[in-house]
Protein chains: 2
Amino acid sequence: MKKATMRDLCDETGLSLGTVSKYLNGGQLKEKNRKKLDEAIERLNYRVDEYARGLITNRTRTVGIITTRLDNLFYSSIISDVETKLYEKGYAAIIKESGYDLSKEIKGIEWFLSRRVDALIIIPVGRKKEDYEILNEAEVPVLFLDSYIEGVRCESIVTDNEEISRHAIDWLISKGHKKISIILDKDNPYTAERRLEGYKQAFKENGMEEEDYRIYRINESIDSGYAVAKQIVTETDSTAIFASNYISTVGVVYLLNELDIRVPEDISVLGFDDILITSLYRPKLTIINQPIEKISQLAVDRLFELLSEENKEYKTHLLENELIIGKTVADIN
Amino acid sequence: MKKATMRDLCDETGLSLGTVSKYLNGGQLKEKNRKKLDEAIERLNYRVDEYARGLITNRTRTVGIITTRLDNLFYSSIISDVETKLYEKGYAAIIKESGYDLSKEIKGIEWFLSRRVDALIIIPVGRKKEDYEILNEAEVPVLFLDSYIEGVRCESIVTDNEEISRHAIDWLISKGHKKISIILDKDNPYTAERRLEGYKQAFKENGMEEEDYRIYRINESIDSGYAVAKQIVTETDSTAIFASNYISTVGVVYLLNELDIRVPEDISVLGFDDILITSLYRPKLTIINQPIEKISQLAVDRLFELLSEENKEYKTHLLENELIIGKTVADIN
DNA sequence: AGATAAAAATGAAACGATTCATTTACGGGA
DNA sequence: TCCCGTAAATGAATCGTTTCATTTTTATCT
């Protein structure tokens, strides 16, 4: 028993292809024919073949999303939000992972373009515009989340990483901290560099020197964050750790638990992106939050604007972050 | 500038459709022609249209996956694993969310079937076989994860929820607990009922009565778990809480933190599915773990077996769980 | 050079829908 | 009953590939 086609419906009902097609797309039919068709559809288990339809209409009502890894809750929260919003507008999201691997990400983009998605949302892992030459050929709107790369043909939504980082470090310094280690994520080059920039700027503003920088780089794994945190705690005299992204924050907290380190008595801690963390860990972490809901709303809004615009004009959006003060930073003045 | 087609390649190179197609699918060409074609592909930015290809080949090398919500880390971990394994075999995973909404899940299935996925992997939210009648018409293999529903045409991979629950509660009782509250998730009817069954059985085996049951049901949200945990802690004299799934475990831990409840002095706690939890929370939670890696490996293995089999014979697999003993259960004998 | 087998290349038909310019059916007024 | 305007139905052409039975080219051996 093969899949039924529109032609089978025609045979069953005596109607023509055009009529069947019209009905399937919401057109009016005479009551009698409508009934016959409904019955035939039911009986034959007919279902539109989107491949045949897409081939001719060239619209798939489909948005391709590339995230890094599903088990990165920060990104998954955004994507989940975006998916829901797209669904409400009749669009389907197709989600793929890059696994922090640029070549897999690019293959994902090609896969999507071959599949005629109407638009692309990407959490990119590349770092230079040469990585994204493929996008110059893409005639669909493209939206980067959490990363901005000069010269790439796409819309970008990022938060003010530099400013919030500067602000947070400045605040740390005002609490008397001078030996502040920052943990950066190699796999997220854009945000990492912006956050490092803010760190440096705060140092500068407070008259501290380059020799005072304490910079550690990890790749995007909890274990990696854990290991570096251990190094900082056991081998240096840092008074504060700034875990500058979600995964490293989890890694640091993990270490604090494992080694039974008292916070903030033994060391002060500042984290990034509170997904679950302050629910599960005590004392309440001092943490920087990005506006997930705003990011996803803006993403969807802009996407539909771009879809409807004839001459797409790409913009870059900068959203504000927030420092939530918990109980993990000591005043050592 | 429109998208280039194979016919454009023919015009550019003087070759025929058949030849171009053959090359695109890995066939041999004379050196001279190969070169010409490569150049033309490059120059015209040609990319295969998978819609046209899929229409005729009827194979899309694509697996549809429906999960509940991306921010449920337990499921996302499995899906992420599965995606990676499929990718390595040349298959693309298309991921969609049901949001714990059966009608959205069914629409997702329809969407996938229309899109000719080669197979389906579902973390279902339905509870009876009538919910899945649509699958009887599906001619592709279907795999349910974390749920088994009698009479549904699909393969199922589940863990031995009943046995591990019985074992864990039995162990709790052996530590002197008699007032044990279990939190069940309405949105995961299958696992919830199996786990409840194990709870009841342990009670029976230990000569306890039905009047001793303390059963609480929540829906799949951390807040809901939090609220019920609060109720248990503040309004009852329970000596132990069994949070019988991931989300409720997170909710319970959240509450313990908020109210500064001492564990296990004030109350003993048993959780389910340790994703991040024991990394972030202290004392180390006593928790039941499901074998994520085994689940995803088995899922992929069976998927490919089913894809290659002519007459698909669906099985149900039961994997073993593990009780990891931490420090959140007091011996009150 | 000719015969022959193997390798390459050809191109029409097919996949299952939508589109649109025409044709047919219907209902109401004179 | 006839006419006419509108609504409904028609069906050939089309989208961009793959397939496969044929034909053409190339290479090898006498």
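Below, each value reflects all heavy atoms present in this structure, side chains not excepted, and no hydrogens, waters or symmetry copies. Throughout, a chain's letter reflects where its sequence line sits, starting with A, and its residues are numbered from 1.
- Contacts of L24(A) with the nucleic acid, taken as non-hydrogen atoms under 4.0 Å apart, are absent.
- In terms of phosphate contacts, T19(B) brings no side-chain nitrogen or oxygen within less than 4.0 Å of OP1 or OP2 of dA9(C).
- Taking 4.0 Å as the cutoff to heavy atoms of chain A, we find the contact window on DNA chain D bounded by dA8(D) to dG16(D).
- The distance from atom CE of M6(A) to atom P of dA17(C) is 6 Å, rounded to the nearest whole Å.
- Distances were taken from every side-chain heavy atom of Q28(B) (C-beta onward) to each of dA8(C), dA17(C), dA9(C); the shortest belongs to dA8(C).
- For the pair L55(B) CG and dT18(C) C1', the computed distance is 13 Å after rounding to whole Å.
- A straight line from NZ of K22(A) to P of dT18(C) spans 14 Å, rounded to a whole angstrom.
- As judged by a 4.0 angstrom heavy-atom cut-off over every strand, Y23(A) is placed among residues making no nucleic acid contact.
- Using a 4.0 Å heavy-atom cutoff across all strands shown, T57(A) reaches sugar-phosphate atoms only and no base atom.
- Per the geometry, CG belonging to D11(A) stands 15 Å off C1' belonging to dA17(C), to the nearest Å.
- Going from atom CZ of R7(A) over to atom C1' of dC15(C) covers 10 Å, rounded to whole Å.
- Between D131(B) and R127(B) no salt bridge is recorded (no basic side-chain N to carboxylate O distance below 4.0 Å).
- Mapped onto DNA chain C by nearest heavy atom, V20(A) and K32(A) fall at different nucleotides, with V20(A) at the one closer to the 5' end.
- Here the shortest heavy-atom pairing between E97(A) and L70(A) reads OE2-N, 2.7 Å.
- Nucleic acid contact for N58(B): none, since no nucleic acid atom lies under 4.0 Å from a heavy atom of the residue.
- Overall bending of the helix from dA1(C)-dT30(D) to dA30(C)-dT1(D), expressed as the angle between end axes built from five pairs apiece, is 40° (10° steps).
- One interatomic measurement links the two molecules: CZ of R53(B) to P of dG16(C), which rounds to 18 Å at whole-angstrom precision.
- P141(B) and D118(B) make their closest contact through CD-O, 3.3 Å (heavy atoms, listed as atom of the first residue, atom of the second, distance).
- For the residue pair E137(A) and R47(B), the shortest heavy atom distance occurs at OE1-NH2, 3.2 Å.
- Side-chain atoms of N25(B) do not come within 3.5 Å of backbone N or O of K22(B) as any donor-acceptor pair.
- Shown here are the side chain to side chain contact (heavy atoms under 4.5 Å, CB included) partners of L17(B), two or more places apart in sequence or in another chain: M6(B), R7(B), C10(B).
- In this structure, of dA9(C), dT18(C), dA17(C), it is dA9(C) that holds the atom nearest to the side chain of K30(B).
- One interatomic measurement links the two molecules: CZ of R59(A) to P of dT19(C), which rounds to 11 Å at whole-angstrom precision.
- Across all strands shown, S21(A) has heavy atoms under 4.0 Å from base atoms, whether or not it also approaches the sugar-phosphate.
- A salt bridge does not link E50(A) with R61(A): none of the charged nitrogens is closer than 4.0 Å to a carboxylate oxygen.
- Ion pairing of R43(A) with E12(A) is present here, as a side-chain N (NZ or NE/NH1/NH2) and a carboxylate O approach within less than 4.0 Å.
- Ion pairing of E110(B) with K96(B) is absent here, as no side-chain N (NZ or NE/NH1/NH2) approaches a carboxylate O to less than 4.0 Å.
- Considering only the side chain of S16(B), dA9(C) comes nearest among dG16(C), dT18(C), dA9(C).
- Here dA17(C) presents its P atom at 17 Å from CG of D49(B), a figure rounded to the nearest Å.
- A salt bridge is defined here as a Lys NZ or Arg NE, NH1 or NH2 lying under 4.0 Å from an Asp or Glu carboxylate O, and K36(B) with E39(B) fails to meet this definition.
- Counting any heavy atom pair closer than 4.0 Å across all strands shown, R116(B) reaches sugar-phosphate atoms only and no base atom.
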